[in-house]
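Take a look at the structure below.
Worth saying up front: this structure is predicted, and the values here are computed from it rather than measured. Chain letters run A, B, ... following the sequence lines, proteins first, then strands; residues in each count from 1.
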Amino acid sequence: MADDFYNHQEIEPKWREYWRDQKLHEARDDDPRPKYYCLDMFPYPSGSGLHVGHWRSYVLPDCWSRYKWLQGYKVLHPMGWDAFGSPAENDAIKKGIQPAIGTRNNIENFKRQLNEIGAIYDWTREVNTTDPGYYKWTQWIFVQMFKHDLAYKTFMPVNWCPSCKTGIANEDVVNGRCERCGAEVTKKELNQWMLRITRYADRLLDNLKDLDWPDKVKTMQANWIGRSEGAEVTFQAIKTDGTHVPVRIFTTRPDTLFGATYMVLAPEHPLVGELTTAGRRDEVQVYLDKVKSESDVDRAAKTEKTGAFTGSYAINPVNHAKIPVWIADYVLMGYGTGAIMAVPAHDERDHEFATLFGLPIVEVIQSPAGIEKEAYCGEGTMINSGEFTGRPSTEGKTAIVVWLQAKGVGKGTINYKLRDWVFSRQRYWGEPIPIIHCPKCGSVPVDEKDLPVRLPEVERYQPTGTGESPLAAIVEWVNVPCPKCSGPAKRETDTMPQWAGSSWYFLRYASPHATGALVSEEGKPWLPIDMYVGGIEHAVLHLLYSRFFTMFLCDIGVVPFDEPFKRLFNQGMITYIGKSGKVEKMSKSKGNVVNPDGLVQEFGCDSLRMYELFVGPPELDAEWNDKGIEGVYRFLKRAWHWVTMHNGRWSAAPSKEMLVLRHLLVKNVTDRLESFRMNTIVSSFMEFVNEVTSMRKAPDKATVEVFLVAIAPFAPHFAEELWSRTGHSPSVFFQSWPKWDETYTTADTVTVAVQINGKLRGTIVVKAEAGEAEVMTAASQNPDVARYLDGKQIRKQVYVKNRILNLVVS
RNA sequence: GCGAAAGUGGCGGAAUUGGCAGACGCGCUAGACUUAGGAUCUAGUGGGGUAACCCGUGAGGGUUCGAGUCCCUCCUUUCGCACCA
């Protein structure tokens, strides 16, 4: 019958419509079941379509959500749009389409394509960061941060992307290049809004240990925060006029203080001028000019150290040694105090520098291999260290800090690599920063009742490049009365980075339509997120910012938790041979995209879903194979045939063998789901179908039911159709996840491998849990084994129950 | 340079975590059904050897009755950090 073949083209749209009509995807606040919040990282709605690489990231969370659903949870699985940001703006500039309109069109297209995946998103909770009803709350958070002294404006050199024509955050700079466009980043002095994320540094670090996240991501965040304990020590530098000026340095090795043989200031250090002697002025100036002309990229690529002597000296507080003060660009102004004591004997960088410029090297930690050839950075016994000589360096660390503190020349301190977050962008397409500058009252936040500050329409979107956003040109928008004194004032014209809206969107899904609060009381029980799925590329930026926002919102009572994502899973990317001939990440720019539309047409959405899982371990990158989907398609067809050919003619009672297969399937699929080995789940189903079809007997109804429920999260249309055809209603998703019975998954007979001298010589079938003597008897009767035992003496026998018998003979 | 992960047939990948290496799929070979097959089904498929057997998880060593799995040395690939004192 024509009706009996697996017609995916017919059944897939039908069931999608059914789910939509039945509102199967909607998460209801009043649903009494326990909640489960599964979240996909929301996309930027780009104009180019979804390729099979995108598909992979949406399939896994959908399968997981459907699994959780069958387990009896009310599942929140929402979707939205991270729609602010340069691409829409650049499009606007290029094609003359307003970003708002371009974005709307892209979202339409994206939604249609997501629908093809068969994913159950709750579209009633869709959020869009560019919606004024949404960014009202992004601005509200900024105002709260301002009120809590977490947002401040300051004039400082920031990373400037000459191509995007905007200042960007440290996190946006990758190897000296702009993370968005790849242009070399330069420095620019700008008056910028900053967020004091550093205030949360310790908490951001300490909380990591309790998160169920991949260690890799935790490590990356910990490294980014870069906490290091040490001491700040004050040296007295002698100025050209003979007076002393304190220079503070940071060190993690106070135990090596006696080995400081020179000092280095960052070229940008404020004391460089005062400490440069007349005789050295020219040389120092040449060096400063050279450093200034170098980009970060050049500076990073440089292998040899450079520097210049200022001509001045400083006094080491512990031994009053007079040591020269140098400047060198291996010392960074942005970290610690911008000055170091150099201990060439016990620091690689200092050693290299000292060797190059002929500076003295004094050993103060006993070094196994000496310190002439290279620095010794380990611990050991302190030597040449005055009263501390003879003590272990680990002890010396604290002892010297105590000593410094008592003398008032230093103290224990902690430094972080993490910097405050540059939050201003001089671009059009972002949330206006809700601040009004009043000549009398200073920076005044916009009244909460006046939020949102809507983004006005402009004629020109082009970034000006002057350090001002295009908004600055809209006089009627900029000029407003001061909220405090009503005098003439001006709006802030910088906008927020794209990260702003994505740093809290996951909270808004809980109550996307609430007008009186960021999260309503009804919405709160959905939070926090139980499972967050997305790419590793957000390991630092998005995830760190989101944690910071959540901590702050927790502190001001908006949410009752300070970590938003309990569990994180990073999906690997899909790779494919690109036009370069190499295997690369699948992307439009690499010219190696595989369009899913044709595959859906030919093999169906369910085949593609299952192949996306089957392609490889979900956490690893996987290379796309054009033929691979055919295997999954064949499997679905075989399974379809198996069910339909026996439909209604089920065997009355399951055979023992069938029961074993059924329970083993449930056990395998469940175990593999829980451990996220999605690729092997597909294998489990294939093995099951291979087995049951080769039995050439009708299955019992219960086995088929279990099979259909178990496969429903992965091939939902397929499962629904067969569920209905086998006389069930309503949806298969109203069933509950099947359980297995250990009595069937543990066989009564087992095959035991028999090895002679570690080599497999035969296998024997024995009762499960059989004793060693019994197995030994069976083994010696097995001809394959016996021939190796003939005339030999058994020296040793090792038996591992139900697995293996190894006989050592001679 | 530092750190992390990984290296298994022609290919993607399995392996209950120390116990029969190569599940499952792709590809390939042979056969069946077919006017036909790029459909479907059946059988086979790590390498060598007529065979008994031997060899096989990047390379080399070690621990063990037994190692893809643990330890040491090295090589390669990918990712992250990259003068953070």
Q: Scan A:K759 against the nucleic acid and name what it touches under 4.0 Å (heavy atoms): base, sugar-phosphate only, or nothing.
A: sugar-phosphate
(Q) Without decimals, in angstroms, what is the distance between A:M341 CE and B:A85 P? (A) 12 Å
**Q.** Residue A:P617, side-chain heavy atoms: nucleotide from B:G19, B:G13, B:C20 that is nearest
**A.** B:G13
**Q.** Sidechain-backbone polar pair: A:N570 side chain, A:G534 backbone, donor-acceptor under 3.5 Å
**A.** yes
Q: Could you check how far NZ of A:K801 sits from P of B:G66, rounded to whole Å?
A: 23 Å
Q. For A:I756, does its backbone N or O pair with a side-chain atom of A:R761 as donor and acceptor, under 3.5 Å?
A. no
Q: Check every strand shown and say whether A:R227 touches a base, only sugar-phosphate, or nothing at a heavy-atom separation below 4.0 Å.
A: nothing
Q: Indicate, with a heavy-atom threshold strictly under 4.0 Å, whether A:N679 touches base, sugar-phosphate, or nothing.
A: sugar-phosphate
Q: Specify the separation, in whole Å, of atom NZ of A:K627 and atom P of B:G27.
A: 6 Å
Q. Contact class for A:N223 (heavy atom, under 4.0 Å): base, sugar-phosphate, or nothing?
A. nothing
(Q) Check this one for me: any side-chain N or O of A:R634 less than 4.0 Å away from OP1 or OP2 of B:C26? (A) yes
Q. Regarding A:T693 and A:R638, is there a side-chain donor-to-acceptor distance under 3.5 Å anywhere?
A. no
(Q) Looking at B:A85, I'd like to know if its phosphate oxygens (OP1 or OP2) sit under 4.0 Å from a side-chain N or O belonging to A:Y335. (A) yes
Q: May I ask you to check whether A:W642 and A:F688 place their ring centres under 6.0 Å from each other?
A: yes
Q) What is the glycosidic conformation of B:G9: syn, defined as within 90° of 0, or anti? A) syn
Q: Quick one: sort the A:H8 and A:Y633 rings into parallel, tilted or perpendicular, breaks at 30° and 60°.
A: perpendicular
Q) Roughly how many Å is it from CD in A:E772 to C1' in B:C65, rounded to a whole number? A) 12 Å
(Q) How many whole angstroms separate atom CG of A:N625 from atom P of B:C11? (A) 13 Å
Q: For nucleotides B:U76 and B:C24, find the distance between their P atoms and express it as a whole number of Å.
A: 36 Å
**Q.** Within the 6.0 Å centroid threshold, strictly below: A:F603 and A:Y611
**A.** no
Q) For the ring pair A:F353 and A:Y262, is the centre-to-centre distance below 6.0 Å? A) yes
(Q) Categorize A:R677 for me: base, sugar-phosphate, or nothing, with a 4.0 angstrom heavy-atom threshold over every strand shown. (A) sugar-phosphate
Q) For A:T251, which contact category applies under a 4.0 Å heavy-atom criterion: base, sugar-phosphate, or nothing? A) sugar-phosphate
Q. B:G12, B:G19, B:A85: which one has an atom nearest the side-chain heavy atoms of A:Q755?
A. B:G19
Q. Okay, side chain of A:K796, backbone of A:V808: is any donor-acceptor separation there less than 3.5 Å?
A. no
Q.
Mind checking if A:S228 touches a base, just sugar-phosphate, or nothing, with heavy atoms under 4.0 Å?
A. sugar-phosphate
Q. Taking OP1 and OP2 of B:U40, is either one under 4.0 Å from a side-chain nitrogen or oxygen of A:K637?
A. yes
Q: Could you pick out which residue, A:K305 or A:T680, lies toward the 5' side of RNA chain B when each is mapped onto its nearest nucleotide?
A: A:T680
Q) Contact class for A:V682 (heavy atom, under 4.0 Å): base, sugar-phosphate, or nothing? A) nothing
Q: Mind telling me if B:U64 is syn or anti? Syn here is a glycosidic angle within 90° of 0.
A: anti
**Q.** Donor-acceptor pair between A:E171 and A:Y545 side chains, under 3.5 angstrom
**A.** yes
Q) How is A:V808 classified with respect to the nucleic acid when contacts are heavy atoms under 4.0 Å: base, sugar-phosphate, or nothing? A) sugar-phosphate
(Q) Checking A:D202 now: which residues fulfil side chain to side chain donor-acceptor pair (under 3.5 Å) with it, not counting sequence neighbours? (A) A:R227, A:Y416
Q: Measure the distance from OH on A:Y633 to C1' on B:U40 and round it to the nearest whole Å.
A: 12 Å
Q.
What is the separation between atom CD on A:E537 and atom C1' on B:U78, rounded to the nearest whole Å?
A. 16 Å
Q: Give one of base, sugar-phosphate or nothing for A:D350, where a contact means two heavy atoms less than 4.0 Å apart.
A: nothing
Q) Are any of A:K216's side-chain N or O atoms less than 4.0 Å away from OP1 or OP2 of B:A4? A) no
**Q.** Intra- and interstrand pairs of RNA chain B - dot-bracket, Watson-Crick/G-U under 3.5 Å, | marks other strand
**A.** (((((((..(((......[....)))((((((.......))))))(((....)))..(((((..]....))))))))))))....
(Q) Just to be sure I understand the rule, does A:R761 reach a base, reach only the sugar-phosphate, or reach nothing, if contact means heavy atoms closer than 4.0 Å? (A) sugar-phosphate
Q) Starting at the 5' end of RNA chain B, which residue's closest nucleotide do you reach first, A:G631 or A:I340? A) A:G631
Q. Out of B:U42, B:G25, B:C20, which nucleotide sits closest to the side chain of A:M686?
A. B:G25
Q.
I'd like the C1' distance from B:C26 over to B:U45, given in whole Å.
A. 13 Å
Q.
Measure NE2/A:H663 against P/B:U16 and give the value in whole Å, please.
A. 24 Å
Q: Would you classify A:E623 as touching base, sugar-phosphate or nothing, given that sugar-phosphate means primed atoms plus P, OP1 and OP2, and contacts are heavy atoms under 4.0 Å?
A: nothing
